[in-house]
S.K.: 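This structure is in structure tokens; I'll ask about it shortly.
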Amino acid sequence: QMQDSMGEIAHTLLFVAVPIYLILIYLLTKTVIDRSARAISYMKVFGYHDREIDGLYVRAITVTVVLTLVISLPIVHGMFVWLTPLLLSDYSGNFAIWYPPARLAQIVGIGIATYVVVAAIHVWRIRRVPLSLAMKVQE
């Protein structure tokens, strides 16, 4: 009954949640890249290739994002199982909370696909960090 009643709302929430996730991940990873711009410029001066620099920064961020996605699933599921009876206490009936494993894999897949877009943007931004930034005087 809940699936029939609220199935379309779930699709709407997906179309709202993905752009919010994209913006949030972009801003968080942009902060890391911006704070490391001088170090990236130094690495370019010392002869590191763009792929090596991408590997140091983007790969580390990628591991963090994927681990956070996987670790947060049981936490969010546990909170949902705990909160749902409280929220639906006025309704009569038994609401069993169960997600098919394919749905959980879909959630992680959408998160990773969204992050791939953000990572591509950051690879492009890392390659645009100028060498002259290493030579500027720090204040």
Side-chain angles (χ1 to χ4, degrees):
Q1 178 64 35
M2 293 292 282
Q3 183 67 26
D4 291 339
S5 299
M6 302 181 132
E8 293 302 318
I9 292 174
H11 294 295
T12 305
L13 285 175
L14 179 68
F15 289 117
V16 171
V18 169
I20 291 172
Y21 177 74
L22 182 91
I23 291 168
L24 181 67
I25 290 295
Y26 175 77
L27 291 175
L28 288 172
T29 54
K30 180 181 180 290
T31 303
V32 172
I33 301 295
D34 287 346
R35 288 182 182 245
S36 302
R38 184 173 298 275
I40 292 169
S41 183
Y42 284 140
M43 292 173 72
K44 287 184 177 186
V45 168
F46 291 136
Y48 285 88
H49 297 287
D50 286 332
R51 291 186 71 140
E52 295 169 326
I53 298 170
D54 294 342
L56 286 173
Y57 286 95
V58 176
R59 208 170 292 144
I61 294 170
T62 301
V63 168
T64 304
V65 168
V66 170
L67 282 176
T68 303
L69 277 171
V70 171
I71 291 171
S72 68
L73 275 178
I75 295 169
V76 171
H77 179 70
M79 289 178 64
F80 193 75
V81 167
W82 177 69
L83 282 175
T84 301
L86 295 174
L87 295 173
L88 299 175
S89 62
D90 292 340
Y91 294 100
S92 61
N94 181 20
F95 296 101
I97 309 295
W98 179 79
Y99 290 109
R103 179 65 48 99
L104 298 176
Q106 182 184 20
I107 291 169
V108 172
I110 290 171
I112 291 172
T114 306
Y115 174 72
V116 166
V117 172
V118 172
I121 293 169
H122 286 310
V123 166
W124 177 71
R125 288 188 70 233
I126 286 173
R127 293 185 179 173
R128 292 191 56 217
V129 171
L131 290 171
S132 62
L133 188 62
M135 302 303 160
K136 288 185 181 177
V137 176
Q138 269 185 310
E139 294 179 19

S.K.: Mind listing the closest non-hydrogen atom pair of Ala60 and Thr64 along with its distance?
M.R.: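 Heavy atoms only, the tightest pair is O-OG1, 3.0 Å.
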S.K.: If hydrophobic clusters are built by linking Ile, Leu, Val, Met, Phe, Trp and Tyr wherever their side-chain heavy atoms come under 4.5 Å apart, do Val32 and Val118 end up in the same one?
M.R.: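 In one cluster with Val32: Val118, yes.
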S.K.: Tell me whether Thr84 contacts the main-chain N or O of Val81 through its side chain, where contact means a donor paired with an acceptor under 3.5 Å.
M.R.: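 No.
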S.K.: Roughly how far, to the nearest 0.5 Å, is the OH atom of Tyr26 from the CD1 atom of Ile33?
M.R.: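 The distance works out to 10.0 Å.
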S.K.: Return the set of residues passing side-chain hydrogen bond (donor to acceptor under 3.5 Å, both in side chains) with Tyr57 (not counting sequence neighbours), or none when no residue passes.
M.R.: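 Partners of Tyr57 under the side-chain hydrogen bond (donor to acceptor under 3.5 Å, both in side chains) test: none.
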S.K.: Does the side chain of Tyr115 come within less than 4.5 Å of Leu69's, by heavy atoms?
M.R.: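 They are not in contact (no side-chain heavy atoms under 4.5 Å apart), so the answer is no.
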S.K.: Tell me if a side-chain donor or acceptor on Lys44 pairs with a main-chain N or O of Arg127 at a distance below 3.5 Å.
M.R.: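 Here the side-chain-to-backbone pair exists.
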S.K.: Would Ile121 end up clustered with Val66 when hydrophobic side chains under 4.5 Å apart are linked, directly or stepwise?
M.R.: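 Yes; tracing contacts between hydrophobic side chains, which count when under 4.5 Å, links both residues.
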S.K.: Can a donor-acceptor pair be found, under 3.5 Å and without considering hydrogens, that links the side chain of Ser41 to the backbone of Ala37?
M.R.: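 No, because the side chain of Ser41 does not come within donor-acceptor range (under 3.5 Å) of the backbone of Ala37.
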S.K.: Taking atom CZ of Arg59 as the centre, report whether more than 12 heavy atoms of other residues, nucleotides or ligands fall under 6.0 Å from it.
M.R.: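 Counting neighbours around CZ of Arg59, 12 or fewer heavy atoms of other residues, nucleotides or ligands fall under 6.0 Å, so no.
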S.K.: With rounding to the nearest 0.5 angstrom, report the OG to CE distance, Ser36 to Met43.
M.R.: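 Rounded to the nearest 0.5 Å, the OG-CE separation comes to 9.5 Å.
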S.K.: At what distance, to the nearest 0.5 angstrom, does CZ of Phe80 lie from CG of Leu87?
M.R.: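 The CZ atom of Phe80 sits 8.0 Å away from the CG atom of Leu87.
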S.K.: If you measure from CZ on Arg125 to CG on Asp54, what distance do you get to the nearest 0.5 Å?
M.R.: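 Between atom CZ of Arg125 and atom CG of Asp54 there are 12.5 Å.
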